Number of protein chains: 4
Amino acid sequence: MAGPRTVDTPERVRDSARTRAEILDVATAEFAANGYDGSRVDEIAALTRTTKRMIYYHFGGKKQLYIAVLERAYARIRAAERQVELDDLDPVAAVRRIAEVTFDHHGAHPEFIRLVSIENIHHAEHVKELVEMVDLGGPIVALLEDILRRGRQEGLFRSDADAIDVHMMISAFCVFRVANRHTFGTIFGRDLVDPARTDHYRAMCGDMIVRYLAA
Amino acid sequence: MAGPRTVDTPERVRDSARTRAEILDVATAEFAANGYDGSRVDEIAALTRTTKRMIYYHFGGKKQLYIAVLERAYARIRAAERQVELDDLDPVAAVRRIAEVTFDHHGAHPEFIRLVSIENIHHAEHVKELVEMVDLGGPIVALLEDILRRGRQEGLFRSDADAIDVHMMISAFCVFRVANRHTFGTIFGRDLVDPARTDHYRAMCGDMIVRYLAA
Amino acid sequence: MAGPRTVDTPERVRDSARTRAEILDVATAEFAANGYDGSRVDEIAALTRTTKRMIYYHFGGKKQLYIAVLERAYARIRAAERQVELDDLDPVAAVRRIAEVTFDHHGAHPEFIRLVSIENIHHAEHVKELVEMVDLGGPIVALLEDILRRGRQEGLFRSDADAIDVHMMISAFCVFRVANRHTFGTIFGRDLVDPARTDHYRAMCGDMIVRYLAA
Amino acid sequence: MAGPRTVDTPERVRDSARTRAEILDVATAEFAANGYDGSRVDEIAALTRTTKRMIYYHFGGKKQLYIAVLERAYARIRAAERQVELDDLDPVAAVRRIAEVTFDHHGAHPEFIRLVSIENIHHAEHVKELVEMVDLGGPIVALLEDILRRGRQEGLFRSDADAIDVHMMISAFCVFRVANRHTFGTIFGRDLVDPARTDHYRAMCGDMIVRYLAA
DNA sequence: AATGAATGAGGCTTCATTCAT
DNA sequence: CATGAATGAAGCCTCATTCAT
């Protein structure tokens, strides 16, 4: 008699995870490229090795797929923030380091920036669902609060410095560079993500926040 | 005593212009609210006193209507920029004034900011068409270049200050506050456009650019 | 007091006729080019120096305009047939002459041929209306009957020769050459209306009918 | 005893093919009846057991459906031509047989003739696409060339006889009878496809080509 | 876990025609 | 005779989703 196929289940599971991941990859690219309404379930399926039915099987529908895409994208930037090492840096250098990490992450992940823009077009309705499950903002705010406290204690930072404000200013610069590169480039003839100018803008971002915070 | 209707624009013409304007108003709101793909020509027409057919008569189609909306929105911010008066201001005050005008315009016109975000989702393809007809960026750049030159001559500004960069930094702050208010507010629990915080952020924007530029 | 404008009416009338003629010219070209359903009232009007309103004023609507076009086209071929002179020709030469006149007329008026094709697509519904007003076929049939009678009497033509059949055979050849030139040319790589081959086909048409009729 | 369903084509596939065929049947009738522009996708769908959506699923659009209709119609006449058997016929009889086969095919397939007329209204743009994929004219021309060669060798046919010309003359007669029956019948009061006259016209067609070719 | 076929609602666009001036 | 604006019906097409196997 044939023995039971004990190895079977794990492989199926692994295939399942792989299928999910592949769908998420393609969907991320599509949603980032075309927006939510501009993306097509058919097209996403066609770019996958699986079929459209699988999207419904694994995710339930277009909207849930989009949320899953968003969740994974936010998870990745949280991971990046978690890996910043700045224990031995003085407050000023630490803030600059955070600005640079944000700058580089956003530069490296334009599709994430686009997803955030798309989310805002949709009044963040999907992120609202995410936030009920995960704390997206806590870590970076906690990090900044610690640095700012030290900086204020040492008399290096202005007394009204606020962690969320600082994060906002850094994000504004880093997000705008990527999110608005097309209109800005078209109108002003300057490509904000031109590699030749990356160092310039990274320094500019650091200068901006450091000078703003100076006591 | 004033006579009746001194301007002799024929009724027809006025009605036509009014119809166009009404469609543009509604379309601006719809496109800003739902994005390009998320907006419905039927819905735009329903919110108008005219019919769907008129949209095609006056504009030609959904895309051309969207471009017309975009054009009018950009025309308005150019008009706002043109009205800034800063002849008698010293360079530092002038830059701060420009930052504040931008800040206030964007705060007052969130639908414009949303249209710009939508444009970037579409890789600025429509703005590219606009730019072939109108110079959207020239005026503000010229204005800033003049101020920066004066500031550098007086030793007030850092020597590497660049007009387009300055405009970018100001825009980043002012655009982000409005464009990303939903995700930011959801994640960090802070409403960036809360009227109670408007003065704070306007000052923050001015500080940011003034300090960045300081020699 | 100003005198009455006595010369006015005649001019208006002449302009009216000219307007009608211009519309008919354009409409003939359009209907022949695109078929009835494929033609656009807007387009016809745009190609005219008048406006769309005039089409409705002068003709009543698209369908009536089409009928007017058809009527004028048929009137012209009747005129051509009327001008054939063959009193002094023997029956054989006369038949050949008629074939050649038909051949040349159809070759010179492809738009007429196309209108006839279009009419057949529409089951000749409009020609049926025309026929109630004008006798479109009588003249040519009478002409042929006369020739055939003489030919039979002289023992030159086969005894079962029939005028309508003869006209049909000639028409088939002359109409097909023009009406089906596009599919035929595409499939067989031969342009049936190539000027270099016109003489060849004209002779072929004459041979065909003369030999068919031979006793 | 016959076994049940010996061919194991899956149900799905058969259903798909049946759906396609049903749509093609209906579409052929509609396009032949109303022309391309006069036909309605909605109407075609309504006359089917499937829905309008399926037309787009299986064919892609109205135009592609029309091309598919055309392709099938041409495939059928090629098949008819292929089945002519005339190995043992002398050249004269062979040419007459070909004329008769064409005559009978066209008489039996008026919808094909109408499609060809419609194609010519559209300047054969769709047939041009077809011709890139299939050789529509080659077979019949090859057949005729062979017969003409034999006839010339035997001194039966005139020396300038050309295969494409012969095909054209036959086609002209057979196509005209069907394609122009409505205008011709209306104008001359004679129904060219009246069954009572079929034999007469078939013989007339044969006579025409045989006499034209005679040495 | 996978697949081709099917579906219904709704999207954008176009047309012939008429109205007000 | 002339004109720009307006209309309503209807056309073609696309989408997210589900069914049968």
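Please read all numbers here as calculations on a predicted model, not as lab measurements. To find a chain, count down the sequence lines: A is the first, B the second, and so on, and within it residues start at 1.
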Asker: Going by purine N1 to pyrimidine N3 plus the second Watson-Crick contact, or the G-U wobble pair, all under 3.5 Å, which nucleotide sits opposite dA16(F)?
Answerer: dT7(E)
Asker: Send over the distance from R20(C) CZ to dA2(F) P, rounded to a whole Å.
Answerer: 13 Å
Asker: Which distance, rounded to the nearest 0.5 Å, do you find between the CG of N34(C) and the NE2 of H123(D)?
Answerer: 8.0 Å
Asker: If each of T50(B) and E43(D) is mapped to the nucleotide of DNA chain F with the nearest heavy atom, which maps nearer the 5' terminus, i.e. the 5' end?
Answerer: T50(B)
Asker: Scan Y66(A), Y36(A), Y74(A) and name whichever one has a side-chain hydrogen bond (donor to acceptor under 3.5 Å, both in side chains) with E119(A).
Answerer: Y66(A)
Asker: What's the closest nucleotide to the side chain of M54(A) if the choices are dG4(E), dA2(E), dC12(F)?
Answerer: dA2(E)
Asker: Between P on dT18(F) and NZ on K62(A), what's the gap in Å once rounded to a whole number?
Answerer: 14 Å
Asker: Round to the nearest Å and state the distance from I55(C) atom CD1 to dT3(F) atom P.
Answerer: 13 Å
Asker: Establish, with yes or no, whether the OP1 or OP2 oxygen of dA16(E) is under 4.0 angstrom from a side-chain nitrogen or oxygen of R40(C).
Answerer: yes
Asker: Rounding to a whole Å, what distance do you find between R18(A):CZ and dA1(E):P?
Answerer: 13 Å
Asker: Does this structure show an ion pair linking R76(D) with E111(D), if we count only N-O contacts that are shorter than 4.0 Å?
Answerer: no
Asker: Rounded to the nearest Å, what distance is computed from the CD1 atom of residue I44(D) to the C1' atom of nucleotide dC13(F)?
Answerer: 14 Å
Asker: Tell me whether the OP1 or OP2 atom of dA6(F) has a side-chain N or O from T51(B) closer than 4.0 Å.
Answerer: no
Asker: When the nearest nucleotide of DNA chain E is assigned to D42(B) and to K63(C) on a heavy-atom basis, which residue is associated with the more 5' position?
Answerer: D42(B)
Asker: Of the nucleotides dA5(E), dA20(E), dT7(F), which has the atom closest to the R53(C) side chain?
Answerer: dA20(E)
Asker: I'd like to know if D25(A) and R18(A) make a salt bridge, using a cut-off of under 4.0 Å between side-chain N and carboxylate O.
Answerer: no
Asker: Checking contacts here: which listed nucleotide (dA20(F), dA2(F), dT13(E)) is nearest the side-chain heavy atoms of V41(B)?
Answerer: dT13(E)
Asker: Whole angstrom is fine here: how far is it from CG in D37(D) over to P in dT14(E)?
Answerer: 14 Å
Asker: Specify the separation, in whole Å, of atom OH of Y56(B) and atom P of dA10(F).
Answerer: 18 Å
Asker: What integer distance in Å separates Q64(C):CD from dA16(E):P?
Answerer: 13 Å
Asker: Look through every strand shown and name the nucleotide pairing with dA2(E) as Watson-Crick or G-U wobble, where both distances are under 3.5 Å.
Answerer: dT21(F)
Asker: Of the candidate nucleotides dG10(E), dT17(F), dA1(E), which contains the atom at the shortest distance from the side chain of K52(D)?
Answerer: dG10(E)
Asker: Quick check for you: among dA1(E), dA5(F), dC12(F), whose closest atom lies nearest to any side-chain atom of H58(B)?
Answerer: dA5(F)
Asker: Between Y57(B) and dA6(F), does any side-chain N or O lie under 4.0 Å from OP1 or OP2?
Answerer: no
Asker: Begin from the C-alpha positions of D37(C) and H122(C) and carry the test side chain to side chain contact (heavy atoms under 4.5 Å, CB included) through to its verdict.
Answerer: CA-CA 10 Å; D37(C) 293 299; H122(C) 291 264; 3.5 Å; yes
Asker: For the atom pair OG1 (T28(C)) and CG (L70(C)), what is the distance rounded to the nearest 0.5 Å?
Answerer: 9.0 Å
Asker: For T19(B) and dA6(F), is the shortest distance between a side-chain N/O and OP1 or OP2 below 4.0 Å?
Answerer: yes
